[in-house]
Every structure is written in C-alpha cells, then in structure tokens.
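Start at 1 with the first residue, then count along the sequence. Please read these numbers as outputs of a predicted model, since none were measured by experiment.
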Amino acid sequence: MLTTGEITVDQASNTVLSFIDSGSPSESYETIILVHGNSFSNAVFKRLVSRSKEYNIRIMALNRRGYAGSTPYNPYEKSMITNEQVHSDEDKRQFFEQRGTEILRFIDQIIQRVDLPPISNFEGHQVGGIALLGWSLGIAFTLAAIANVDSDSISDETRKRLNAHLRVHILLEPAVITIGLNLPEDFWAPTHDHLIPASARVSLFIHLITCYYDYDKETISARDQAGILSAVAPSPSRIPSIFTFTDEERTEIVTPLPQDMHFSHVLQEPLREWYLKACFDEKFRSSLALKNMTVWHVSGDKSYPFIWPAYWLVQEDDRKAGQGESGKFVRFKFMEGCNHFMHWDEPDKTMSIFKDIFNSSYT
C-alpha cells in the first residue's frame, strides 16, 4: 500500500525530501530508491508501487527539491541555475555536490528508519540491498550522489551503511546532457527552437518526450547519429504516455520547473567529471561505500532520439575504461517496445527488468 513521508537531509536548514513508499513486500526483499527527471514528479513511478509484492521489490521514490513536499530552492540556490553568470564555477560545483549529498543522507536515513534489508547471501546468490535509480535528468543527481560519497560532509558511519546496502546504480535512459556533454548540434529540440513561442516550448517538449519513435535497424546498427536524430516525428503505433494520464494524474505528475531546463548545461563541468568517476574510476568504485555496487544502463528502443547518442557514448567509455573489454564497468539492457515512460506504460516489464538486474548483479 502506498504511503508518503519525508526525510530531513540537512538539520541546519531543515531541508526535507518527500517520498512515496510501497512498504515492505515481505520479510526479505530488495529496495529501489528512484530519482525522477525533468518536469515529472515522483508520482510517475506510482504504477511500480502496486507491483511491489509480486516482484518482492520495495519501491521508494523521492521528490527532488522544488517538487511537492520537498523543500523549495531558496532565491540564492535558484540563482545558481537561472543567473549562472554571477556565480563562480566553484560555487556552482558546491551547490551541485550538496544536491548529491542530500540524496546520500536520504538513503542513509531511510536505511535506519525502516531497517531496509542489507546485502546478504542466500544459497550462493546475493539478496537484499538497494538499487539507486536515476531516470532521465534524475541521473545527474544520482551521479552527483555516488561521485561525492567521499565528501567530507558524509560520515564514515554513513559509508559503512552504504557498503552494507548499496548494490546497484541504474542509469535509466540518460541523455548526453545528463552525462556532462552538449546535445549534438544537429539535434532538434523544441526547447531550443526560437521559432516556437517561448510559452509553448516546454509544453511541446513534455508531449514529445512521452511519445514512441520508430528507428530503422540499419540506422541503429551503423550508429548513424544523424539518421537517429532526424526521427523527430512520433510513431503512430502507440499513443503518447501523457494521453493515458487522467486529469488528476497529470496535475500530480507534470510539474515543469524553470531550473530543471538549465541544470545540465549550467553544471556540465562537474557532471562530466562525476559521471566518469562514478562509473569508470576503478579505485573509487572499490572504496568502502561502493565496493558492492554494480552499474547498469537501461533504455527503451522506442524512446526519444536523445537516448541513442548517450547509449553509444556510455558503451565507448565502458570499453575504453575496460581496455577493450565490454561490461567491466557498466552493463546494458534494452527494453523492446518501450519509450521513455516504460515505468508508466509497461510497469510489469520494467519491474521484471529490475528483478533481472538484481539477480544478475555481481562484484
């Protein structure tokens, strides 16, 4: 049964993050802590909650700062994103690091509050533990969390609890901007098209990102970025996810915030560094808090075009870090027939993929 709550992640400023929780599906289970993306709140994960017991996975989805129930950004924090020129690179870096450590404290407090099952072995297989999942823009925040687990603001006790619990980091549909790179120059996006009235750009983006897209197999095989990025017309094979929202669901889920449109661009430099550190720094990945953690990249094959360049780049970075070996640092799964909202349109398929990831995790 879905419940809601909040966790204080900074006592000095009384900063809280709200969350939804499926509750314990059994006495022994795995947990996924999900971080939502741009313009869509944690309510977008509600269809996973009702599948918790069937898949024996506890679903806990937080709301980032500024979304319902979580502490809004104060004017100074907002200016980091919306008026970046007046702040130094170091100030912006510290601002983003704080967003990451807030998530780490959220995880640590949740572990203690509800006594989440730690990683253990049962009949030769790992059971229990936590997967931290970032979806879309949420990946920028989970990368900031993982990469700053060595921050002076994180206690050794927290790192010990993460060691006992943190089992997987799932990158659910990253775009190149969420791994610290610019969008390809030949990529059309409504948010960057000045021929579209400014008041309509975000609304059009929200609609288009929930659509389905068809891609030619030869284009995919050839890694033809120009061919992929030309697929701006949605497929007629399935209605956009947003058209399946009720009025009540749309009001709860769709929450465009101005700062979300600027996050990845303004904080590009530390984000690129933290992506490489969190995913491919072997020494860092072997540190106490992360030594039990594997990394998975998951995407749908009918999603918005921006997922393909990121998929290819992460694959290349993985092979480079592994000196030609694939899958040493990041493992990959594709979900057939799924778009950017697989957790909404295909919750059973999504939970099955998550279960497979837990069953396949290795150290």
Ion pair check, [X] and [Y], cut-off under 4.0 Å:
X	Y	result
E102	R105	no
K217	D224	no
K349	E336	no

| task | Output, in order, the C-alpha distance, side-chain angles, deciding distance and verdict of ring-ring contact (aromatic ring centres under 6.0 Å, His included) for F354 and H343. | result | CA-CA 11 Å; F354 294 162; H343 41 277; 8.6 Å; no
Tell me if the centroids of the rings in [X] and [Y] come within less than 6.0 Å of each other.
X	Y	value
Y73	F95	yes
H340	F40	no
H36	W135	no
F245	W344	yes
Y311	H297	yes

Between [X] and [Y], is any side-chain donor less than 3.5 angstrom from a side-chain acceptor?
X	Y	value
S241	N339	yes
Q268	N182	yes
S70	N63	no
E173	S303	yes
R58	S24	yes
E97	S151	yes

Mind checking whether F187 and F306 have parallel, tilted or perpendicular rings, split at 30° and 60°? tilted
Residues A321 and F329: closest non-hydrogen pair is O-CE1, 3.3 Å
Scanning both residues in full, the closest heavy-atom pair of R65 with T71 reads NE-O, 2.8 Å
- Task: Can you establish whether the number of heavy atoms outside E90 located under 6.0 Å from its atom CD is more than 12?
- Result: yes
Common cluster, I7/Y67, ILVMFWY with side-chain heavy-atom separation under 4.5 Å
no
Residues passing the ring-ring contact (aromatic ring centres under 6.0 Å, His included) test with H169, sequence neighbours excluded, are none
Contacts satisfying ring pair (Phe, Tyr, Trp, His ring centres under 6.0 Å) that involve residues 209-237 (not counting sequence neighbours) are Y213-Y304, Y215-W308
*Is the NZ or CZ atom of R93 positioned over F96's six-membered ring, under 6.0 angstrom from the centre and within 45° of the axis?*
no
On the six-membered ring of F358, is R167 placed so that its NZ or CZ lies under 6.0 angstrom from the centre and within 45° of the ring axis?
no
Exercise for review: Without swapping roles, check the side chain of S352 against the backbone of D348 for a donor-acceptor pair under 3.5 Å.
Suggested key: no
Distance-only donor-acceptor hits, side chain of residues 190-199, under 3.5 Å, sequence neighbours excluded:
{"residue": "D193", "atom": "OD1", "partner": "L195", "partner atom": "N", "Å": "2.9"}
{"residue": "D193", "atom": "OD2", "partner": "W188", "partner atom": "NE1", "Å": "2.8"}

